[in-house]
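Notes follow once the structure below has been shown.
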Amino acid sequence: MQLGFRIRAIALAAAALWVVAACGGSTGGTALASTQELRFNLGTEPGTLDPGLQQWNYEGAVGIRTFEGLLKPSKDLKDVAPAAADSYTIDSTGTVYTFKLHPGAKWSDGQPVKAADFVYAYQRLLDPRVAASYASYYYAIKNAATVNSMDPKAPGIDAAIQTLGLKAVDDNTFQITLEAPAGYFKWVATLWTGAPVRKDIVEKYGKDSSGVDKWGIVAPSAAQSLVGNGQYKVSEVVPKDHITLVVNPNYSGSAPKPTITKITMYEIDDETVAYAKYKSGELDFVAVPVADTDAVRSSAELLTNPELTVFWVDINVKAAPFDNVKVRQAFAAAIDRDSFVKNVLHGRGLSAGTLIPKGMRNYRPDLGQKFDASAAKALLASSGVSASSLNGTKYLYNSNSPTNKTIAEFVQAQLKTNLGVDIVLDGTDSKTVGSRLRHQQYQFGGPSGWGADYPDSQDWFDVMMTGAGNNFSAYASTTYDNATTQGDAASDNAKRDALYETAEKTLVGDAPLIFLYQRTSWWLVKPYVKGLQVTPIDYFLGDFYASSVQIAQH
Amino acid sequence: MALAKGAPLRGALLPLRKRTGRGWTLSVYVLRRLLWMIPVLLFVIFITFFLAHIAPGSPWDKEGRQLSPETIKQLNIKYGLDKPIWTQFAIYLWNVLHFDFGNSLQHPGQSVNSLILESWPYTFNLGAVSFLVILVVGVSLGVVAALRQNTFIDYVAVGIATIGASVPNFVVGIVLIIILSNFLYSFTNQSFFLPTGGYPQDLLHMIMPVATLSFLPIAFLARLTRSSTLDSMRQDFVRTAWAKGLRERVVVIRHILKNSLIPVVTVAGPLLAALITGSVIVETVFTVPGIGRSYVQSIEARDYPMILGTTVLYAGLVALLNLIVDVAYVFIDPRVRLE
């Protein structure tokens, strides 16, 4: 899929999916191979190994193994679980979070992990001179938005950073003070971008001429410079070919010692080449290319993982004809999503009618957009816009992506059949699509989508807030914004559910988006890979619970 | 063709070449050409700089998830993209004068120089080995075909050349993977696997990418050599050489080959430049961590400094190799005089 954003997904029925190897059965009596090495394909070389600067799934795959954030998602994804912090408490105002760090935890160079390392990492994330991609995720922290929005050249940034709601109470206690109560904040603490960072290491390797810290660069020197607190550490970087991790001998955190001693992550950009390497035994698991879907449908090595990722068609609500809500609703009703999943996706997904995907707490299919050709025609008739005047409406898409091209053609055919409208396909390259969507230089197009950063609805509803960076529709609704803001702040689940229901209803009804599908990822896993625990919010298989994976004799 | 026998009058008929002042003329010529490279490179930088910036989208645009407006603003300031375009251009030129090609936008913390130095050796090795293979195989094939014109060997050589010229790289690459790797793997009962990757870069790993990279140029060079050899064979001086009773080896090497290789030298320069700056397709099919792949990735990512750095390197190499070819003419073809 062309959309490269970080993918986290949640299991169907909110239960973690435990996959005990493709061959099934218990791992108890299995004879282990003498070499415990796991090899898979990242697809792209990470831009950086510095967790604070990372943003993509292929970067997070390295970050999450070499660094450990405060918390991580529990196996059933219903709550958070201990990681670098053993426990946390929230005060009665709901604004002060106190994290107790795991005693005795060490960095890969043997130094103890201290609360001050977290303070430094969080300050760094919010420093406008660092320009961290994930900074805005931490805006709930006191003064964070103000500090991060400062002009990077302004004097007084160093002083301003000290006003952030971050405090090392003692070596083992890290305290975060929020601007206002935010029920979702524990999930922000599960992001690997908030992993601790060592000030002495960062300063030791200096900055480049653009002011970027050099300790995390993707170069052979990373084997020395990248000091982390994760279960693994970088042992080798061969630029544009692979990154090798080995067990961090100094790790003494809360996770059990892993069996896999070496992880090799390749950077093969062509998925068919990677697939061929899996076939010839050079990789232990691989994503299935769409073209090979039918060939592996009944394979014993197949592992399907429903992701928390939803795709939709964006509509520019600012310009005619889509400033008319009835036209948008008519288009949303004219797309047969079930046929799409069956015929275009070959069954690799679920049809979606709402923003929140299946598997999340606030998933409400009953509220969603539905395919109904006659209703679509009726809606269009009541809009006062004739079908013929909509002929020539332009659909913007990335013509370099085969998937996006098929989606565009499907939308075109559906609108022709179900609404009698002849749209025109406007294909261009990925960057141009991104830029035009962002500046509302389009009528409708896509698909765009969202992959969960963590399984909380706040991460999703914030996307379509007025003026939000990913709100390509330029959608602006006071009802929606109020419901979302209040839902984000509340900590009581029942209260949040009611508010998010309002938000979902408003969004579906206003139809600034035509929801399409929820993605299911397909993998092939070698039968000798045992004990793989895939919670579907993994970027790659076995991200959060890596300790149990084993390689059986083969 | 009849073989001429008998002892040649070695050297007696060769003209005595006057060499005085030639070294001086050559130095002046080379210097002038090197100076000419400066405006050429400036022009290349100018065109590339503005084309890259005119291309829609910015390095921070994504098709999927977008960065927050604050982050985009911070990044623009960090990399100087907030300045007026002419200021950016001036700063860039100033830095290039100091051999500083800036920092990559996709790889925070890494300079363009270090990234090019990191990936270029892979491409260079592959290109250099391919170049040797192409020269040896292509020229031999062409000469043999010409000397044995209209025989079986000629037909085979011309046949290979025609296939090579008409089948694209990615087809050759994939066919080679299927035959050499997959077939050999099952044929040898899964005991021998010819690697399809480009790393580590030893001879075994280079077999397939080199074969793919060489296929088309070998065909091209073979046809070129064949026709120019046929051409020289009909020249008066060759007839004279045969008439003098020179041995075939002497006639072919000294009189035919030396003259028929002039067009080969002409194409060798740009060919070498193309080979050592990398093939995107071959590097992708065989996952070679070289500069060709990184060039395409930087264009897709609108990594302006990387695009510029790689283009300047490419332009510089082409200009330099063309100069070397022109100088080489002087030594090969006595008719060429440097002005």
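Just so it is clear: chains get the letters A, B, ... in the order the sequence lines come, proteins before strands, and each one is counted from 1.
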Name the member of A:P128, A:P152, A:G206 that forms the most heavy-atom pairs with chain B at distances under 4.5 Å. A:P128
Chain B interface, residue from A:T272, A:N148, A:T428 that has the most non-hydrogen pairs under 4.5 Å: A:N148
Taking 4.5 Å as the heavy-atom cut-off, does anything in residues 209-218 of chain A contact chain B, and if so which residues? A:S209, A:S210, A:G211, A:V212, A:D213, A:K214, A:I217, A:V218
Please look at B:S104 and chain A and tell me whether the side chain, the backbone, both or neither of the residue comes under 4.5 angstrom of a heavy atom of that chain. neither
Please round to the nearest 0.5 Å and tell me the distance separating atom NZ of B:K78 and atom NZ of A:K153. 11.5 Å
Give, for atom CD of B:Q74 and atom CE of A:M150, the distance between the pair rounded to the nearest 0.5 Å. 11.0 Å
Against chain B, label A:V463 side chain, backbone, both or neither, depending on which of its atoms sit under 4.5 Å from a heavy atom there. neither
Euclidean distance, B:D82 CG relative to A:D151 CG, rounded to 0.5 Å: 9.0 Å
Rounded to the nearest 0.5 Å, the CH2 atom of B:W60 sits from the CZ atom of A:R438 at a distance of 11.5 Å
Chain B contact via A:K279 - side chain, backbone, both or neither, heavy atoms under 4.5 Å: neither
A:V273 side chain reached by B:V285 side chain, heavy atoms, under 4.5 Å: no
Is it the side chain or the backbone of A:D429 that comes within 4.5 Å of chain B heavy atoms, both, or neither? side chain
In Å and rounded to the nearest 0.5 Å, what is the OH to OG distance from A:Y137 to B:S68? 9.5 Å
Under 4.5 Å from any heavy atom of chain A - which part of B:E118: side chain
Between B:Y122 and A:V238, is any pair of side-chain heavy atoms under 4.5 Å apart? yes
Measure distances from A:A468 to the heavy atoms of chain B and classify the residue's part below 4.5 Å as side chain, backbone, both or neither. neither
B:D100, B:T71, B:N103: which one forms the most heavy-atom pairs within less than 4.5 Å of chain A? B:N103
Contacting moiety of A:R436, where chain B heavy atoms sit under 4.5 Å: neither
In terms of heavy-atom pairs under 4.5 Å with chain A, the winner among B:S119, B:S111, B:S58, B:A55 is B:S58
Return the option, out of A:G467, A:G469, A:P239, A:S136, with the maximum number of heavy-atom pairs under 4.5 Å with chain B. A:P239
Counting only non-hydrogen atoms closer than 4.5 Å, does B:E70 touch chain A with its backbone (N, CA, C, O), its side chain (CB onward), both, or neither? side chain
Are A:T48 and B:H107 packed together at the side-chain level, in the sense that at least one heavy-atom pair is separated by less than 4.5 angstrom? no
If I compare all heavy atoms of A:A219 with all of B:Q110, which pair ends up nearest, and what's the gap? CB-NE2, 3.9 Å
Side chain, backbone, both or neither: which part of B:E300 has an atom under 4.5 Å from a heavy atom of chain A? backbone
Atom pair CD/NZ of B:E283 and A:K240 - distance to nearest 0.5 Å: 10.0 Å
